Protein chains: 2
Amino acid sequence: MAGHLQPIKLDSYKPLRELVCESIRQAIIDGTFSPGERLMEIQLADEMGVSRTPVREAIRKLELEGFVVMIPRRGTYVADISIRDITEIYEIRTCLDELAAGLAAERITPEELETLDRHLVEFGIAIAENDMEKIVEVDTAFHEVLYMASRNARLHSIINNLREQVTSIRGRSMSYPGRLTETMEEHRALVDSIASRDVERAQSAARVHIENAEHTLMKSINPVT
Amino acid sequence: MAGHLQPIKLDSYKPLRELVCESIRQAIIDGTFSPGERLMEIQLADEMGVSRTPVREAIRKLELEGFVVMIPRRGTYVADISIRDITEIYEIRTCLDELAAGLAAERITPEELETLDRHLVEFGIAIAENDMEKIVEVDTAFHEVLYMASRNARLHSIINNLREQVTSIRGRSMSYPGRLTETMEEHRALVDSIASRDVERAQSAARVHIENAEHTLMKSINPVT
DNA sequence: TAAAATAATACTGTATACAATTCTAAAATT
DNA sequence: AATTTTAGAATTGTATACAGTATTATTTTA
């Protein structure tokens with residue numbers, strides 16, 4: 001194992017398995033656990049100060065979410081993300097984000113539009129200050145509002161899951177030269193078209209945004225291609 | 001509980017949790033468990049002749065798949081599918097099936113095309129014989145080949161999951177007057193456009209197919225609308 | 001008689017114990 | 001020396017036991 005997990009705090013009402021799941025997921029996303037690394041139940045349980053039961057249940061969930069791979073009787077391994085995976089994920093996201101944007105253009109409330117605008121401003125400030133943590137935070141909040149506005153909970157959760165699966169490597173594309181300002185412009189175009197209730201334009205803006213994100217991600221992984 | 005589950009057979013190499021999961025899922029799909037019905041771990045375990053542990057893990061998986069709803073410390077209930085759910089699911093499927101059809105038009109092999117054709121013929125025979133079981137079987141096989149041909153495993157599994165979530169009520173739309181022959185015509189149009197590698201037409205055929213399926217399903221649930 | 005309080009019951013959440021399998025490594029054989 | 005065999009250790013799969021909480025029923029009180 002690379003680093004170590006923080007012990008689980010029991011302040012929450014949530015079941016332990018949820019806390020354990022979130023903790024392991026976070027560790028995978030932030031790189032504490034490397035791709036391909038084996039995750040052993042007893043070890044994880046000891047580190048977090050819980051028994052194997054909630055750890056097992058957490059791992060089952062992470063498997064469904066695509067963060068780990070389980071081989072029966074052999075163990076659990078942190079999923080290794082490949083070029084193929086990225087291609088698959090963005091093929092789907094291009095399509096789903098387009099859908100979400102179109103629905104949002106039809107269903108968003110004035111309050112939500114205001115929130116989007118605010119996030120847009122915050123995003124600009126975060127970029128100016130080069131505050132990476134803030135950037136990621138605002139970006140996440142921005143998309144959260146957008147997906148919420150689509151009024152389709154399943155769509156929201158499917159996209160979120162796909163987003164999370166590339167989170168561990170998204171940092172690289174974020175730091176790609178010029179990508180951040182480009183991202184902001186794309187976000188602005190998206191908000192504009194949604195604000196004017198233009199479904200077609202919103203869809204196209206979303207498609208462009210996702211396609212560009214994919215290209216940047218690909219370039220940042222393999223500059224040759 | 002309505003009926004009862006068959007005891008788990010241990011002939012397979014699969015972990016018990018998988019067998020238990022499939023058994024419960026099947027029972028939900030075929031109506032052995034009704035929507036809203038409470039699922040109790042001890043009872044399920046006893047009926048299948050296993051302990052609570054694999055049952056719990058199976059339930060966790062079914063929750064992720066959307067077949068059951070868990071309320072912490074309160075229990076697990078068979079998910080109740082609503083008009084809202086159907087709308088959500090078909091909004092997504094319209095988009096994903098369009099994607100899958102487009103990709104299939106680009107990536108399908110001649111062998112797969114042949115298989116699709118064969119399924120098309122079988123479907124016609126099954127309709128002529130009014131063999132409902134066969135119809136469902138061939139329909140499933142048909143779509144399976146199609147999604148496989150998209151060469152996107154995630155897309156395949158997301159669509160399959162969405163399909164399964166309405167399986168329990170799909171029987172009704174199947175028996176809607178005239179829907180079966182309509183379905184076959186739509187399938188044929190889809191195969192034709194894929195065979196001629198026409199991405200646009202394949203997408204449009206898929207969209208039409210899903211939209212019609214939704215409309216029929218809605219009508220069969222609520223004839224007034 | 002109705003409502004509230006309390007006790008009993010039953011279920012879920014978590015921990016631990018046992019069984020079965022697989023991996024590791026050491027020893028034996030070719 | 002290399003390969004196979006075999007014994008041990010470690011890990012996952014499953015079962016069971018215990019703890020905590022929610023529900024239900026009963027009793028008490030207004």
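Please read these numbers as outputs of a predicted model, since none were measured by experiment. Chain letters run A, B, ... following the sequence lines, proteins first and then strands; every chain starts at 1.
In this structure, CG of B/Leu16 is placed 12 Å from C1' of C/dA20, rounded to the nearest angstrom. Between the C1' atom of D/dG13 and the CD1 atom of A/Ile42 lies a distance of 12 Å, rounded to the nearest Å. Between B/Asp46 atom CG and C/dT12 atom P the separation is 12 Å, expressed in whole Å. If you take CD of B/Glu63 and P of C/dG13, they are 10 Å apart, rounded to a whole angstrom. Rounded to whole Å, atom P of D/dG13 lies 6 Å from atom CZ of A/Arg60. Rounding to whole angstrom units, CG of residue B/Leu19 and P of D/dT14 are separated by 9 Å. The interatomic distance linking A/Arg56 (CZ) with D/dA15 (C1') rounds to 12 Å, in whole Å. Here C/dA10 presents its C1' atom at 12 Å from CD of B/Gln43, a figure rounded to the nearest Å.
Using cut-offs of 30° and 60° on the angle between ring planes, the pair A/Phe142 and A/His187 is parallel. B/His156 and B/Tyr147 have tilted rings, their planes meeting at an angle from 30° to 60° on a 0 to 90° scale.
Donor-acceptor pairing under 3.5 Å, judged by distance alone, is absent between the side chain of B/Arg73 and the base of D/dT21.
Annotation: of the two residues near DNA chain C, A/Arg17 and A/Arg38, the 5′-most nearest-nucleotide partner is A/Arg17. Comparing A/Thr53 and A/Thr76, the nucleotide of DNA chain D nearest to each residue sits closer to the 5' end for A/Thr76.
By the 4.0 Å N-to-carboxylate-O rule, B/Glu112 lies too far from B/Arg118 to be salt-bridged with it. Between B/Glu211 and B/Arg207 there is a salt bridge, since a side-chain N of the basic residue sits under 4.0 Å from a carboxylate O of the acidic one.
Within 4.0 Å (heavy atoms only), B/Leu39 reaches sugar-phosphate atoms of the nucleic acid but no base atom. Nucleic acid contact for B/Arg52: base, since at least one base atom lies under 4.0 Å from a heavy atom of the residue.
Put simply, B/Arg74 has no side-chain N or O that comes within less than 4.0 Å of OP1 or OP2 on C/dG13.
Counting only N and O atoms by type, the side chains of A/Asp85 and A/Ser82 include a donor and acceptor under 3.5 Å apart.
Closest to the side chain of A/Met40, out of D/dA15, C/dT12, D/dT12, is D/dT12. Nearest nucleotide to the B/Glu41 side chain, out of C/dT12, C/dT16, D/dG13: C/dT12.
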